[in-house]
2 protein chains.
Amino acid sequence: MTLGTVMAMAAPVRGPGSPRHADTRREIVSAAWDLAAERGLLGWTLKDVAEVVGMRAPSLYVYFAGKNDLYDAMYADGCTALLARGERISRDGAPVDVLRRVARVYVGFCVANPARYQLMFLRTVPGFTPSQSSYALALEILRLTREVLDAAGAGSQADLDLWTALVTGLATQQISNDPGGRRWRRLTDDAVTMYAAARCLR
Amino acid sequence: MTLGTVMAMAAPVRGPGSPRHADTRREIVSAAWDLAAERGLLGWTLKDVAEVVGMRAPSLYVYFAGKNDLYDAMYADGCTALLARGERISRDGAPVDVLRRVARVYVGFCVANPARYQLMFLRTVPGFTPSQSSYALALEILRLTREVLDAAGAGSQADLDLWTALVTGLATQQISNDPGGRRWRRLTDDAVTMYAAARCLR
DNA sequence: GTCTATATTTGGATAGAC
DNA sequence: GTCTATCCAAATATAGAC
């Protein structure tokens, strides 16, 4: 077995696993997100997606095993995006300030794309459940959240759960009852203040 | 025009508006809720509903103009149920105690039937929007909530919005991440305590 | 008011040529 | 890898007999 053969196994020039293949996959996922943002998480078909990327529907099956597999890729994509944003948040300053930054990022992320929020956090797509590898990314988000809360002095299970309820509630209400507005979003800092006071953080 | 004719116009013996017709409508709505609770809000068809009530699908069109009309009746039914529960809550005792009772009822109601919660508060059914008369019931729920909060000394818009975010968040998390459990539900009292403290209520 | 039969549409998925 | 053609299944909704 030559070195070339080994490298080809790791990253083949063509076929599944090739850079070209991965690029097209990303392009398809991106098109699906655009449609979901525009028409809702369930408001598009494989034919619609294919049209956006300049293909016919059956060609998508070269890249995804089916619609649920595409949802799974979208799920993983959403997790990666939130994770990237979460890791960039500064941990400097008083705990309550860090928490405020985290809450703003989370609520902002959810509100920015209701369909994405629905897929990632509401689990409301009929037959869909994330694959193990995608779900691992969601757990990573949770781990990061736990880490931040722990550093702020709110490390118990109840602390974490009340936190997620609070930020999720703001996002849910904003999306459901004032889409595109700021009615709940603007309460984010107040909510964190309330949370920190009850937890005796500063 | 005889008295009999007038009464027949108000409540005809047969046809739309008759007691029999209304009974059948209720029976159909009830069957739809059963299916929604079991298979999810979108996990059933008109054929399924018809089967439960011992009919064929086309017969349902005698009672509802279509599936969205049935969803609308379910929406109104859910609002009426929550409203009835809300009006039965005692307003005796300290404000914080009243709020605790209200929160328990609300979260309990949502958690008891995730599909109902999804229809009423998440607005995630593709083509559905409640009719004006159904939506009036939802506004009545909001009015009642505002009334209770006002009596407790939390009468501002921000007070109301933070409240709805809090209880909605608990319900959302419970349903999405621990269905059938108590992980978030049991934090209801804590959450109200936190809310009341921040609002300087007692 | 309920039925059978059917229209209509849709959308996911597969087969096989190129 | 992409296409055309097609299958298959489902689900809403309508027509018209009884």
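Letters A, B, ... mirror the listed sequences (proteins, then strands); counts begin at 1.
- Across all strands, A:Thr45 comes closer than 4.0 Å only to sugar-phosphate atoms, never to a base (heavy-atom distances).
- Distance from the side chain of A:Arg56 is smallest for D:dC3 among the nucleotides D:dC3, C:dT4, D:dG1.
- One finds no salt bridge joining A:Asp77 and A:Arg26 here, because no Lys/Arg side-chain nitrogen approaches an Asp/Glu carboxylate oxygen to under 4.0 Å.
- Closest contact between the side chain of A:Pro58 and the listed nucleotides D:dC3, D:dA13, C:dT4 involves D:dC3.
- Heavy atoms of other residues, nucleotides or ligands lying less than 6.0 angstrom from CD of A:Glu140 number more than 12.
- Per the geometry, CG belonging to A:Leu70 stands 10 Å off P belonging to C:dA13, to the nearest Å.
- Rounding to whole angstrom units, CG of residue B:Asn68 and C1' of D:dA13 are separated by 13 Å.
- Counting to the nearest Å, the P atom of C:dG12 and the CG atom of A:Asp48 are 8 Å from each other.
- Atom pair A:Leu60:CG and C:dG11:P shows a separation of 14 Å (rounding to whole Å applied).
- Between A:Lys47 atom NZ and D:dC7 atom P there is a gap of 17 Å when expressed in whole angstrom units.
- Judged purely by distance below 3.5 Å, without hydrogens or angles, the side chains of B:Arg183 and A:Gln157 pair a donor atom with an acceptor atom.
- One finds a side-chain N or O of A:Ser59 lying less than 4.0 angstrom from the OP1 or OP2 phosphate oxygen of D:dC3.
- Distance OH (A:Tyr61) to C1' (D:dT2): 15 Å, rounded to an integer number of Å.
- In this structure, a donor-acceptor pair under 3.5 Å is absent between the side chains of A:Thr164 and A:Asp161.
- When distances are taken from the side chain of A:Leu46 to each of C:dG12, D:dA13, D:dG1, the shortest belongs to C:dG12.
- In this entry the distance linking NZ of B:Lys67 with C1' of D:dA10 reads 11 Å, nearest Å.
- B:Phe64 comes within 4.0 angstrom of no nucleic acid atom, judged by non-hydrogen atoms across all strands.
- When the side-chain nitrogen and oxygen atoms of A:Tyr63 are compared with OP1 and OP2 of D:dT2, one or more of them lie within a distance under 4.0 Å.
- Residue B:Ile28 contributes atom CD1, which lies 11 Å from atom P of C:dG1 at whole-angstrom precision.
- A salt bridge does not link B:Lys47 to B:Glu51: none of the charged side-chain nitrogens sits closer than 4.0 Å to a carboxylate oxygen.
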